[in-house]
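Shown next, in structure tokens, is the structure this report addresses.
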Amino acid sequence: MKYDFNKIEAKWQKYWAENQTFKAVNNSEKPKYYVLDMFPYPSGAGLHVGHPLGYIASDIYARYKRHKGFNVLHPQGYDSFGLPAEQYAIQTGQHPAITTAENIKTYRRQLDQIGFSFDWSREVRTSDASYYKWTQWIFIQLFNSWFNNDTNKAEDVSTLEAVFASEGNTNVNAVCDDNIEVFSAKDWNAKSSEDKQKILLQYRLTYLAETEVNWCPFFGTVLANDEIVNGVSERGGHPVLRKKMTQWSMRISAYAERLLQGLETIDWTDSLKESQRNWIGKSVGASVSFNVLANNENDSHVEPVEAPHVIDVFTTRPDTVFGVSFMTLAPEHELVSKITTPEQKSEVDAYILATAKRSERDRMADVKTISGAFTGAYAEHPFTKEPIPVWIGDYVLAGYGTGAVMSVPCGDERDYAFANHFNIPIINIFDGVDISESAFSDKDKTVIGNSDFLNGMNYKKATKRAIYELEQIGQGEGKTNYRLRDAVFSRQRYWGEPFPVYYVKGMPQMIDAAHLPINLPEVEKYLPTETGEPPLGNATVWAWDTEKNEVVSNDKINDTTVFALELNTMPGWAGSSFYFNRYMDPENPNEMASKEAMDYWQDVDLYIGGSEHATGHLLYSRFWQKFLFDKGVVPVDEYAKKLINQGMILGTSAFVYRIDKINFKSEKDGSPFGWYELEKTIIVSKETRSNKDFIKELFKETLAANNSLDKKSYDYVVGNYDEYKVNITFSSLHVKVDYVNASDELDVEALRLDSEFGKEYVDAIFIGEKGEVIKGNNDVYKVGREVEKMSKSKYNVVNPDNIVSDYGADSLRLYEMFLGPLEQYKPWNTAGITGVHSFLKKLWKLYADDNGLKVTDATPTKDNLKTLHKTIKKVQEDIENFSFNTSVSTFMIAVNELGAQKCTSKDILEPLLILISPYAPHISEELWSQLGYEGSISTVDFPTFDASHLVESSKNYPISFNGKMRFTMELPMDMSKDEIEAAVLANEKTQEQLGGRTPKKVIVVPGKIVNIVG
RNA sequence: GCUGAAGUGGUGGAAUUGGUAGACACGUUGGACUUAAAAUCCAAUGUCCAUUAGGACGUACGGGUUCAAGUCCCGUCUUCAGUACCA
């Protein structure tokens, strides 16, 4: 009986599929357990070995829980809307649905061959109409809701309308747009339908508004904040501009506080929670209003006018309000044009223009340079009534707070630098602090002075008092500010969910949920229209007939009952924000999931996925869950109890080093002699790159021989080598890791023939470590190595298909786990897989040899039992701590020990199989059935640990002298402290170590160690 | 700058509460088997000194606590990740 892993794995994968072994039921006697993976976007490149890491870990856990008697839900699906399929469609004309379906097929094949215990009957695809029906449905629910600050939850818009009709909006405490008009019930009832709709839109949880968005010209679409990294797009690194557009937004800011508080209740990693906290960015302080003084040109004296402009600022330090010596507005602030004096206009305009020209990136890269301009205007200090100059400066961001700050140079580094740069006076309001060198911002040590009613107070007291005084004069109040911005929800793309929205007189209308889904229309091409509309503008059948309640041809729009549909589509995160709920009841045509299903499954017990989604998916999905909870749709307001971030598996790239240029310079005066464009590509090795002598050899043996240099130059260089400085520039070029063996040796001939690299290497000269030219098969060229992210462009991608066919899925699973801790980043090295592969072969040999099964009914020995129970204990602990790498080691030790013990006992080998089954399910199933069992091993009870088998009668004590271990001594466990001490001191080795001296002290820790202090 | 995580052989990594540092593998070297190769098996493998016996050093660096420190405390350096003029 041979371990034919390919045959065994195919057999059991077929068995699991045919018997629906891992199908979860929505009610059961067993306790429930929900293990979720972040579903993949099915890219055209397929899976590489890095992708399944988290899936393997979650699969082990799911299988373990089944052994432990749980009803396990372990689903998988596809986040199948997205940019790459659309980019591909633009290039080839191929419908993204076709590309996506093909990619999913590849993914499914690859996932199946790794032997996951997914319940595929629950598969979801976000691009399926039967799925996005519910994405659209949730959108409608959001549109029909507003956030009531009094109840701290979302409520139906109809309640808001009722309040408006009966008492206006003065008493409504809602999260809504900033500049909302105040109206009475009478006002409201007198308004036209359009006006009412406009006002309601300012309250809805998803709303249409002209907002400044991140526009990416390359993709022709807007991007969310979390899709931008360092001022460029996360995908592809394309530039991003600020642009004003009318877009759908999600009022996630309404949930800022609850998103923050909710973090306390869930078991997610600290770093991830910290990321979300930073992203939410709560700061507590006050808003303060400053009245702008009217400018009297004939007099330097200034005084307020009747209806002055008001500059609102947010500050975390209201206690320093007496230290304000100027104000700074963001250059984009709307008041700038209104308050700038004629004399300052040209300067201010020039500054605004200069700032607008600077890209976001420049602005971020250059934070040190201080720049700004004086508007000529003054504002009045709320307490001292002194005039305060109003400046603009780009260190104040339009997007944060109110886009304006009260500048307190004595207490803020940036204000300090700004004041110094422009010679603005600095007022010191801190007792006993020298601010001649820098600002003082230590809240804890603050004692306020020179500040009227705040004198002598500490930070806490002064803050409270300042807010109280501001409230008294109606020029401020306590306020909490969040960095979290509302999320733009429109994308100018084709391959996304269509909105269930049509427009009447410019106002958005929801299609009744009964008519969902609104299917994505067909278009001729996937690019924006000539008039700059999104791709859906190309659809000819894309209008809503309000009588027939169906999508009809655009040319009917002139009918009074047919209206234009929304042309934007939803962003990538829409579909992924509730999929974990849909898995609970994925085929339900009437509800997102039935109440019974959601009440049964409740929430995800274990969620595994990448940390790159910290401020995107993992925040948006928590937001939607809280909203759905408010609406009574879902039973819990946090959907994932525990979340683990798997680390990335990195690729080990292979490099060759190409000579780009050779420069010669005189050693004497540095004057250049020239440089050579090389006729042939020359590839040197990592070592020769830094070896000066090789250059000489290079010229002698290679360049001259290949006529790369003319004779004169050759003589010149080689003959007078010492007189010339030779500078060589190299390029490090990625080559395919497939052509490199375990010893880093490159298959040069294969590389030459690879058309993917063009003609680059066909005639290239390869030079080895010692400067020798690589000719035959005996010469060795070693590549350079570097650990990088796995990516196609770096030619370092390792495909799991090859690993599975060469070593088997069980080897792949074990090896991915064996590589290191789950959360850690670690490099992939295919060569190492032989270790786990030979472990599986050894495991097999424990059960069977050429003559067949060798398992017997022999009574297990004490050693057998000890090995087994020690393994049960360790593996169980490891799985529960998600320390999968150490359990693989434990299995290896167990198999090595049982092999040495020549164990054939059924009572040992059967439980061992169950232990290994979550990790290596195929081999376990096969041996389990060879042992004569019917059906799958997957639900067999996990072996019970019996501590009595681990009780030792003696201990091999390490004997230390002054903390240094010298030798060991076997002593009975039941010896008393004194007996141990006596026994150790009596030992001749002890006497030898002491050399006649008497020990000062002897430390005996029974069962652990003996330390003799001399 | 701030926040978080980490730093252990040639490599990936082990090491419960402070208690034999380097488990388990990879790689390397030597050996067995073989006509040969593959596969398999055995042995060695932190560094340095020593023929051996044995010894010294050793968990980024410098201190400290302790009978005993990879683990605890103080300081420094480095790397990775996130974030950044957040008022």
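Below, chain A is the first sequence line, B the second, and so on; all start at residue 1.
One interatomic measurement links the two molecules: NZ of A:K842 to P of B:C42, which rounds to 7 Å at whole-angstrom precision. The distance from atom CG of A:L840 to atom C1' of B:C24 is 14 Å, rounded to the nearest whole Å. A straight line from CG of A:N962 to C1' of B:A68 spans 10 Å, rounded to a whole angstrom. Rounded to an integer number of Å, the gap from A:M648 CE to B:G82 C1' is 13 Å. Between A:D806 atom CG and B:A38 atom C1' the separation is 14 Å, expressed in whole Å. In this structure, NZ of A:K479 is placed 12 Å from C1' of B:A87, rounded to the nearest angstrom. Going from atom CD of A:E612 over to atom P of B:C80 covers 19 Å, rounded to whole Å. The distance between atom NZ of A:K443 and atom C1' of B:C86, rounded to the nearest whole Å, is 12 Å.
Under the Watson-Crick or G-U wobble criterion, with both distances below 3.5 Å, B:A69 is left unpaired in every strand shown. Here B:C57 sits opposite B:G46 as a Watson-Crick or G-U wobble pair (both hydrogen-bonding atom distances under 3.5 Å). A 3.5 Å limit on both hydrogen-bonding distances identifies no Watson-Crick or G-U partner for B:U52. Applying the Watson-Crick and G-U wobble criteria (two distances, each under 3.5 Å), B:U83 pairs with B:G1. Nucleotide B:A25 is matched to B:U11 when pairs are restricted to Watson-Crick or G-U wobble geometry with both distances under 3.5 angstrom. Across every strand in view, B:C41 sits in a pair with B:G31 that passes the Watson-Crick or G-U test at under 3.5 angstrom. Pairing of B:A36, defined by two Watson-Crick or G-U wobble distances under 3.5 Å, is not identified with any nucleotide. Taking a pair to require two hydrogen-bonding distances under 3.5 Å in either a Watson-Crick or a G-U wobble arrangement, B:U78 pairs with B:A6.
A donor-acceptor pair is defined here as one N or O able to donate and one able to accept, closer than 3.5 Å; such a pair exists between the side chain of A:T375 and the backbone of A:V390. Side-chain N or O atoms of A:D810 include one that pairs as donor or acceptor with a backbone N or O of A:I923 at under 3.5 Å. Between the side chain of A:N885 and the backbone N or O of A:L819 there is no donor-acceptor pair closer than 3.5 Å. Side-chain N or O atoms of A:T402 include one that pairs as donor or acceptor with a backbone N or O of A:D312 at under 3.5 Å.
Of the candidates B:C67, B:U40, B:C85, B:C85 carries the atom nearest the A:R414 side chain, counting heavy atoms from C-beta on. In this structure, the nucleotide among B:G82, B:G27, B:A87 sitting nearest to the side chain of A:L397 is B:A87. For A:W279, counting side-chain heavy atoms from C-beta on, the closest listed nucleotide (B:C85, B:U83, B:C67) is B:U83. Nearest nucleotide to the A:K845 side chain, out of B:A87, B:U40, B:A25: B:U40.
Note on A:K964: a side-chain N or O is less than 4.0 Å away from OP1 or OP2 of B:C57. In terms of phosphate contacts, A:K841 brings a side-chain nitrogen or oxygen within less than 4.0 Å of OP1 or OP2 of B:U40. Residue A:R483 has no polar side-chain atom (N or O) positioned under 4.0 Å from OP1 or OP2 of B:A87. Residue A:S275 places none of its side-chain N or O atoms closer than 4.0 Å to OP1 or OP2 of B:G4.
Residue A:S407 is out of contact with every strand shown, counting any heavy-atom pair closer than 4.0 Å. Within the nucleic acid shown, A:R966 comes within 4.0 Å of sugar-phosphate atoms alone, with no base atom in reach, counting heavy atoms only. When heavy atoms are screened at a 4.0 angstrom cut-off, A:K282 is found touching no nucleic acid atom at all.
Within 6.0 Å of atom CG in A:N881, more than 12 heavy atoms from other residues, nucleotides or ligands are found, so the atom counts as buried in its surroundings.
Between the side chains of A:Y351 and A:S371, at least one donor N or O sits under 3.5 Å from an acceptor N or O. Under the 3.5 Å distance criterion, with hydrogens and angles disregarded, a donor-acceptor pair is assigned to the side chains of A:Q901 and A:T867. Under the 3.5 Å distance criterion, with hydrogens and angles disregarded, a donor-acceptor pair is assigned to the side chains of A:E257 and A:Y482.
Of the C1' atoms belonging to B:A39 and B:G46, the separation is 31 Å, rounded to the nearest Å. Between B:U8 and B:C80, the two P atoms lie 14 Å apart (nearest whole Å). Only the P atoms considered, B:U45 is 10 Å distant from B:A23, to the nearest whole Å. Nucleotides B:C73 and B:U66 place their P atoms 16 Å apart, quoted to the nearest Å. The separation of B:A69 from B:G19, taken at their C1' atoms, amounts to 10 Å, rounded to a whole angstrom. Remark: the separation of the C1' atoms in B:U3 and B:C67 is 39 Å, to the nearest Å. Comparing B:U51 with B:G70, their C1' atoms are spaced 35 Å from each other, to the whole Å. Nucleotides B:C41 and B:C33 place their C1' atoms 8 Å apart, quoted to the nearest Å.
No salt bridge links A:E877 with A:K874; every basic N to acidic carboxylate O contact stays at or beyond 4.0 Å.
Each of A:G832 and A:V1013 was assigned the nucleotide of RNA chain B with the nearest heavy atom; the assignment lying further toward the 5' end belongs to A:G832.
In this entry the base of B:G7 is anti relative to its sugar, with a glycosidic angle more than 90° from 0.
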Counting primed atoms, P, OP1 and OP2 as sugar-phosphate and everything else as base, the B/S/- map of nucleotides 5-23 of chain B against protein heavy atoms under 4.0 Å is -------BSS----BB--B
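A donor-acceptor contact under 3.5 Å is not formed by the side chain of A:N481 with the base of B:C86.
Contact check for A:H617 versus A:E612: no side-chain heavy atoms found under the 4.5 Å cut-off.
In this structure A:H837 satisfies the ring pair (Phe, Tyr, Trp, His ring centres under 6.0 Å) test together with A:F5, A:Y807, sequence neighbours excluded.
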